[in-house]
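Owing to the predicted nature of the structure, the values given are computational and were not obtained by experimental measurement.
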Amino acid sequence: MIKSVLAVGLLCLVGAAGAQAQFIDISGSTPYIRQYVEENEDNWNKSIIYVFYNNDSCPRCGEAMGLLFNIYQQNYSQELSYFEINYQEQGEFVFTTAYMLNQPLSVVLVRVNDGMGRGYYKIDNPQQWLYDKEFFYQQITTAVNNFLLN
């Protein structure tokens with residue numbers, strides 16, 4: 001009960017900070033996790049940062065993706081795997097349904113345990129924070145750090 005209250009409180013804090021992310025329990029139903037964790041046995045329990053984009057026009061998405069990759073390299077490359085995926089390409093449509101993707105840019109942080117997806121955070125349209133790069137950095141690192149704490 002206390003853990004549930006703390007989780008709800010944490011989600012409220014994240015939402016209040018503008019990170020627009022919440023943990024969604026999927027209990028092993030994440031698509032293609034095995035494909036990514038089996039490529040390297042070190043990934044078996046390594047959670048994932050997916051950066052999903054589509055073919056829609058998005059003037060600032062490329063810049064946001066560059067910053068996301070830099071944040072990953074500087075802070076999380078030892079603890080997380082990182083993949084950029086055009087979710088509209090043939091063969092990647094499963095992601096659209098699994099993560100309810102419909103924006104030009106979304107970041108999905110997937111908890112991996114024993115080679116299976118256990119839950120995820122989703123951040124839609126992080127490019128909206130590019131007006132202030134420090135704010136962008138804070139929003140992304142706060143969301144990733146909260147994800148790692150859960």
Side-chain angles (χ1 to χ4, degrees), residues 7-40 43 45-113 115-150:
V8 169
L10 178 61
L11 290 175
C12 290
L13 286 174
V14 170
Q20 302 173 3
Q22 71 179 49
F23 188 75
I24 299 170
D25 182 3
I26 51 172
S27 302
S29 64
T30 307
Y32 295 145
I33 291 296
R34 288 214 186 274
Q35 172 186 340
Y36 294 106
V37 299
E38 288 178 352
E39 289 175 0
N40 180 343
N43 292 340
N45 284 313
K46 200 172 187 181
S47 293
I48 297 171
I49 297 175
Y50 284 123
V51 177
F52 290 109
Y53 60 97
N54 64 20
N55 298 324
D56 292 348
S57 176
C58 180
R60 304 213 61 197
C61 286
E63 181 182 359
M65 291 171 69
L67 289 173
L68 290 165
F69 185 73
N70 289 342
I71 290 169
Y72 165 74
Q73 287 286 33
Q74 293 171 5
N75 302 295
Y76 305 110
S77 62
Q78 298 301 310
E79 351 176 39
L80 300 167
S81 296
Y82 181 95
F83 301 97
E84 293 179 356
I85 298 173
N86 180 339
Y87 68 88
Q88 289 183 325
E89 285 185 359
Q90 185 176 6
E92 305 295 0
F93 63 89
V94 171
F95 289 116
T96 303
T97 303
Y99 300 121
M100 299 171 279
L101 301 172
N102 59 11
Q103 301 299 314
L105 186 61
S106 295
V107 177
V108 178
L109 308 166
V110 180
R111 168 105 40 244
V112 176
N113 189 332
M116 299 292 290
R118 303 297 178 187
Y120 69 93
Y121 276 118
K122 179 180 161 195
I123 305 165
D124 281 326
N125 295 312
Q127 73 277 11
Q128 70 184 333
W129 300 320
L130 285 174
Y131 64 88
D132 181 341
K133 297 223 172 45
E134 186 175 318
F135 184 76
F136 180 95
Y137 181 87
Q138 288 175 335
Q139 292 299 308
I140 297 301
T141 57
T142 297
V144 174
N145 291 340
N146 286 339
F147 169 77
L148 291 171
L149 290 174
N150 280 331

Closest contact, heavy atoms only, Y82 versus E84: OH-OE2, 2.9 Å
L67 and L130, any side-chain heavy atoms less than 4.5 Å apart: yes
Y120 ring center near Y50 ring center (under 6.0 Å): no
Flag side-chain contact, heavy atom, 4.5 Å: W129 against I140: yes
Closest non-hydrogen atom pair, L105 against P126: O-CD, 3.6 Å
Rounded distance (nearest 0.5 Å) linking atom NZ of K133 with atom CD of E63: 4.0 Å
Close side-chain approach of L80 and L148, heavy atoms under 4.5 Å: yes
N/O donor-acceptor pair under 3.5 Å between N54 side chain and Y87 backbone: no
Contact check, side chains of S47 and F147, non-hydrogen atoms, under 4.5 Å: yes
Mutual orientation of the aromatic rings belonging to F95 and Y99 [parallel < 30°, tilted 30-60°, perpendicular > 60°]: parallel
V51 vs F69 side-chain heavy atoms within contact, under 4.5 Å: no
I48 side chain near V112 side chain, heavy-atom distance below 4.5 Å: yes
Straight-line distance of L101 CG to D124 CG, nearest 0.5 Å: 7.5 Å
Side-chain donor or acceptor of D132 paired with backbone N/O of F135 under 3.5 Å: yes
Min side-chain heavy-atom separation N146-Y121 under 4.5 Å: yes
Between N145 and Y76, a side-chain donor and acceptor under 3.5 Å: yes
Inter- and intrachain pairs under disulfide bond (SG atoms under 2.5 Å apart), touching residues 121-150, at least two apart: none
Test item: S106 and K122 side chains (from C-beta on) under 4.5 Å apart, heavy atoms: yes
Rounded distance [0.5 Å steps], CE in M65 versus CZ in F52: 11.0 Å
Minimal non-hydrogen separation, E79 against N75, with atom names: OE2-O, 3.6 Å
Ring pair (Phe, Tyr, Trp, His ring centres under 6.0 Å) involving Y137 - partner list, sequence neighbours excluded: none
Q88 and N55 side chains, donor-acceptor separation under 3.5 Å: yes
Neighbour count above 12 (heavy atom, 6.0 Å) for E134 CD: no
